[in-house]
2 protein chains.
Amino acid sequence: MDGIAVLVVEDDPDVRRSARVALAPHTERVEEVESAAELESVLAAGAFNVVLLDMNFVAGERSGAAGLDALGRIRSFDPTIAVVLMTAYGGVTLAVDSLKRGAADFVLKPWRNDKLVAAIGAAAEVTRSRRATETLQLAALERSAIERALARFQGNISSAASALGLSRAALYRRMAKHGL
Amino acid sequence: MDGIAVLVVEDDPDVRRSARVALAPHTERVEEVESAAELESVLAAGAFNVVLLDMNFVAGERSGAAGLDALGRIRSFDPTIAVVLMTAYGGVTLAVDSLKRGAADFVLKPWRNDKLVAAIGAAAEVTRSRRATETLQLAALERSAIERALARFQGNISSAASALGLSRAALYRRMAKHGL
DNA sequence: CGAGGCTTGTCCGGAATCGAACACCCTCTG
DNA sequence: CAGAGGGTGTTCGATTCCGGACAAGCCTCG
């Protein structure tokens, strides 16, 4: 799993070490922070493609609220990065809530190393895919929309043009422009 | 919750009745099927905006595989419709796997009626939002991309134009066309 | 077999868009 | 304080794109 840079957010030094031991042989880089206080600056500086985020790093707090808050901040900062949440206390409700709020995966502590590695690998792939498809280039968006329309209508030019809001002649020109 | 049409997929008649009793006062229509055999034709005929899907409707089978298979078929047929999964046997792993495969929510049996109603309401909103944003109209896609670019670059016309692959003058014209 | 409805690909006079250039403003640095 | 570097909004001759119309083909139905 070359090219994977993981940021581990975890207050417990034993768990941080366990994560590093599990992940380091399978990734390019594992960095750790003890709290979520400076998440944005660490993320900005670090070119990560996965975050492994503890849900409870406030002493005595077990609800997962801190982790969900941090998840929200990470997603605001970089919506493309996949976040894997981990907790020792989670039930179905917390897991479901986490994924609904945008976590890519949810891991219970103590984990099996092979499952953690697999989860991180899958999450990195989610980040890769999100980053590949996020573009603002109008030409690329137009080409993609034309391809989807042609697929949707099995190559029927009249229907595809209508769906795209173009005349048939205009669609022919756009198709030629994009080499379709 | 006007305008919500729910399809309940559940083999147990007692559970089907419980779902109907819980949901009927809060929705426009509740229909039920006993198995997933004819899902696509029922969905095609019915104009639903939520599916409440049991995970286990194969006798003796408790793994949830049947429900996940049905989820996949529903999503292939109509990727915009929100699916709420329900099971009596699910743990964190099954819940996480369900959401990763595209379920909008996950409900454990026996449910609390108010929570089921809330989950269905939220799922209907997910369907509404997905259907609103799925468009092939190039003009709408262009407007949306311009808005995202302006937001991304805090209104900086030069940077937004560059990201969109347009000249500044062209961007000004597109913005005027879209009333931005 | 022929009509009707749908599809296809192409054309061309007119309309719309193009982007380099212009003039100007603001901030930062030497 | 002046100059550099970034930004802004607008202009206009050149270029590209527009869509209704045309001609033709295919499929279904009476």
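Convention: sequence-line order gives letters A, B, ...; per-chain numbering from 1.
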Worksheet entry | Any donor-acceptor pair under 3.5 Å from B:S98 side chain to B:L94 backbone | yes

Item to complete: Indicate, with yes or no, if B:L43 and B:L85 share a hydrophobic cluster defined by side-chain heavy-atom contacts under 4.5 Å among Ile, Leu, Val, Met, Phe, Trp and Tyr.
Response: yes

Practice prompt. Mind checking side chain to side chain donor-acceptor pair (under 3.5 Å) for A:E34 and listing every partner two or more places apart, or none if nothing turns up?
Written response: none

Practice prompt. Calculate the interatomic distance between A:R168 atom CZ and C:dT10 atom P; express it in whole Å.
Written response: 11 Å

Item to complete: Send over the distance from B:F153 CZ to D:dG7 P, rounded to a whole Å.
Response: 11 Å

Worksheet item: Could you walk me through whether A:K100 and A:D97 pass the salt bridge (charged side-chain N to carboxylate O under 4.0 Å, His left out) check?
Response: CA-CA 5 Å; A:K100 283 161 71 181; A:D97 205 31; 5.0 Å; no

Practice prompt. Quickly work out the A:I157 CD1 to C:dT10 P distance and round it to whole Å.
Written response: 11 Å

Worksheet entry | Nucleotide C:dT8, atom C1' - distance to CG of A:L150 in whole Å | 14 Å

Discussion item. Could you tell me how far apart B:Q154 (CD) and D:dG7 (P) are, to the nearest whole angstrom?
Written reply: 13 Å

Response to the item:
In B/S/- notation (B base, S sugar-phosphate only, - none; protein heavy atoms under 4.0 Å), nucleotides 13-20 of chain C written 5' to 3' is ----SBBB

Worksheet entry | Heavy atoms from other residues, nucleotides or ligands near CD of B:E40 exceed 12 (cutoff 6.0 Å) | yes

Worksheet entry | Separation of D:dC18 P from A:L164 CG (nearest whole Å) | 12 Å

Fill in: Whether A:N49 side chain and A:G3 backbone form a donor-acceptor pair below 3.5 Å
yes

